[in-house]
Amino acid sequence: MKILLVFDFDNTIIDDNSDTWIVQCAPEKKLPIELQDSYEKGFWTEFMGRVFKYLGDEGVREDEMKRAVTSMPFTLGMVELLNFIRKNKDKFDCIIISDSNSVFIDWVLEATSFHDVFDKVFTNPAAFNSNGHLTVESYHAHSCNRCPKNLCKNVVLVEFVDKQLQQGVNYTRIVYIGDGGNDVCPVTFLKKNDVAMPRKGYTLQKTLSRMSQNLEPMESSVIVWSSGVEIISHLQFLIK
């Protein structure tokens, strides 16, 4: 009987947004106005595809992007938290569900040697094409109207838990650690044993507190965190 830990990546594991961080590789560290203005709500992945094409056209190469991405700082206490999970892997399964992309997440986990902590990473598939440009695709298609077109984290979570169940793995509870608007959907589907852990001062926390003021029902408990160290003490309490 294990606990399933679900992590977001941007502004949760790392203390920034990898997609906006990469803009520092652009000439003068900014995007042309017409490219900035081309973003449509819900179509972030398509927008990032255009950003990566622009970077490639400007001669930004893979090694330069990798240097930038692996220089992103971890969120406070996150290194300690991931080390704690590694020491207690017999008690936890651990996955990432992120709207970043597979290349960026791979680079960070590899550079910091944290690959072994995570059993699975669900994110938008990315690769460098023959021109040396980074390309990114939507993770999947779904019919949830609350989420960006390319990724409903709740669909991913439910599918993963069901698949594990078919293989005889039943989780005693799910702990969901995130920060953003796209973490609201999976969090609202958590059950009463589960724990939602929104990062203090970020969209997820603000949305959940607004929902509780409006008395919108939520089954899971909510524990706000600012540092990974606070998450450790809660996990220690859960596995006692």
Side-chain angles (χ1 to χ4, degrees), residues 1-14 18-19 41-46 48-49 82 85 89-106 108-109 114-127 135-199 203-204 207-208 211 216-222 231 235 238:
M1 300 296 273
K2 283 185 167 184
I3 294 170
L4 176 63
L5 305 176
V6 184
F7 280 86
D8 174 42
F9 182 68
D10 291 317
N11 289 312
T12 297
I13 292 175
I14 52 167
S18 52
D19 280 342
K41 190 168 163 44
F43 294 91
W44 181 259
T45 309
E46 288 81 350
M48 285 311 298
L82 297 180
I85 295 166
K89 271 304 276 174
D90 57 325
K91 301 180 185 72
F92 301 113
D93 277 353
C94 197
I95 63 174
I96 291 174
I97 309 178
S98 164
D99 206 356
S100 179
N101 69 70
S102 56
V103 166
F104 287 2
I105 295 176
D106 263 347
V108 169
L109 295 183
F114 279 127
H115 255 303
D116 61 316
V117 173
F118 297 98
D119 301 284
K120 262 331 238 176
V121 176
F122 301 94
T123 187
N124 304 302
T135 60
V136 62
E137 294 166 41
S138 293
Y139 176 72
H140 61 182
H142 62 84
S143 54
C144 170
N145 56 16
R146 299 167 64 161
C147 289
K149 293 282 173 280
N150 60 298
L151 177 66
C152 169
K153 293 187 175 189
N154 180 53
V155 168
V156 175
L157 181 55
V158 169
E159 279 174 3
F160 176 77
V161 169
D162 286 350
K163 210 179 215 162
Q164 290 291 86
L165 203 49
Q166 285 161 17
Q167 291 169 1
V169 181
N170 191 1
Y171 294 111
T172 51
R173 55 167 53 91
I174 298 170
V175 178
Y176 191 104
I177 301 154
D179 71 283
N182 61 0
D183 296 314
V184 175
C185 188
V187 157
T188 49
F189 284 92
L190 295 176
K191 303 289 177 276
K192 71 173 190 301
N193 252 351
D194 301 333
V195 187
M197 298 197 80
R199 187 175 179 186
T203 309
L204 178 61
T207 307
L208 295 182
M211 284 167 65
E216 292 178 46
M218 227 185 92
E219 287 186 52
S220 73
S221 52
V222 176
I231 300 173
L235 295 182
L238 291 180

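Since the structure is predicted, the reported quantities are computational estimates derived from the model, not experimental observations.
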Side-chain touch Phe9/Val108, heavy atoms, less than 4.5 angstrom: yes

Pair Tyr176, Asp183: side-chain N/O donor-acceptor within cut-off below 3.5 Å: yes

Checking side-chain polar atoms at under 3.5 Å, does Asp99 have a donor or acceptor matched by the opposite partner on Trp44? no

Tell me whether the count of non-hydrogen atoms from other residues, nucleotides or ligands lying under 6.0 Å of NZ in Lys163 goes above 12. no

Considering residues, nucleotides and ligands other than Lys149, do more than 12 of their heavy atoms fall under 6.0 Å from its NZ? no

Atom [atom1] in [X], atom [atom2] in [Y]: separation rounded to 0.5 Å?
| X | Y | atom1 | atom2 | result |
| --- | --- | --- | --- | --- |
| Ile105 | Ser98 | CD1 | OG | 3.5 Å |
| Met197 | Thr12 | CE | OG1 | 11.5 Å |
| Leu4 | Arg173 | CG | CZ | 12.0 Å |

Which heavy-atom pair separates [X] from [Y] by the least distance, and what is that distance?
| X | Y | value |
| --- | --- | --- |
| Asn124 | Ser100 | ND2-O, 2.9 Å |
| Ala127 | Val103 | N-CG2, 4.0 Å |
| Cys94 | Phe7 | SG-CE1, 3.6 Å |
| Val155 | His140 | CG1-CE1, 3.9 Å |

Quick check: does any side chain N or O of Thr45 sit under 3.5 Å from a backbone N or O of Glu137, one acting as donor and the other as acceptor? no

Note: Lys153-Asp8 ion pair, threshold 4.0 Å (strictly below): yes

Applying side-chain contact (heavy atoms from CB on, under 4.5 Å) between Ile96 and each of Val6, Thr123, Leu109, report the one that passes. Leu109

According to the interplanar angle, ranging from 0 to 90°, do the rings of Tyr171 and Phe160 count as parallel (below 30°), tilted (30 to 60°) or perpendicular (above 60°)? parallel

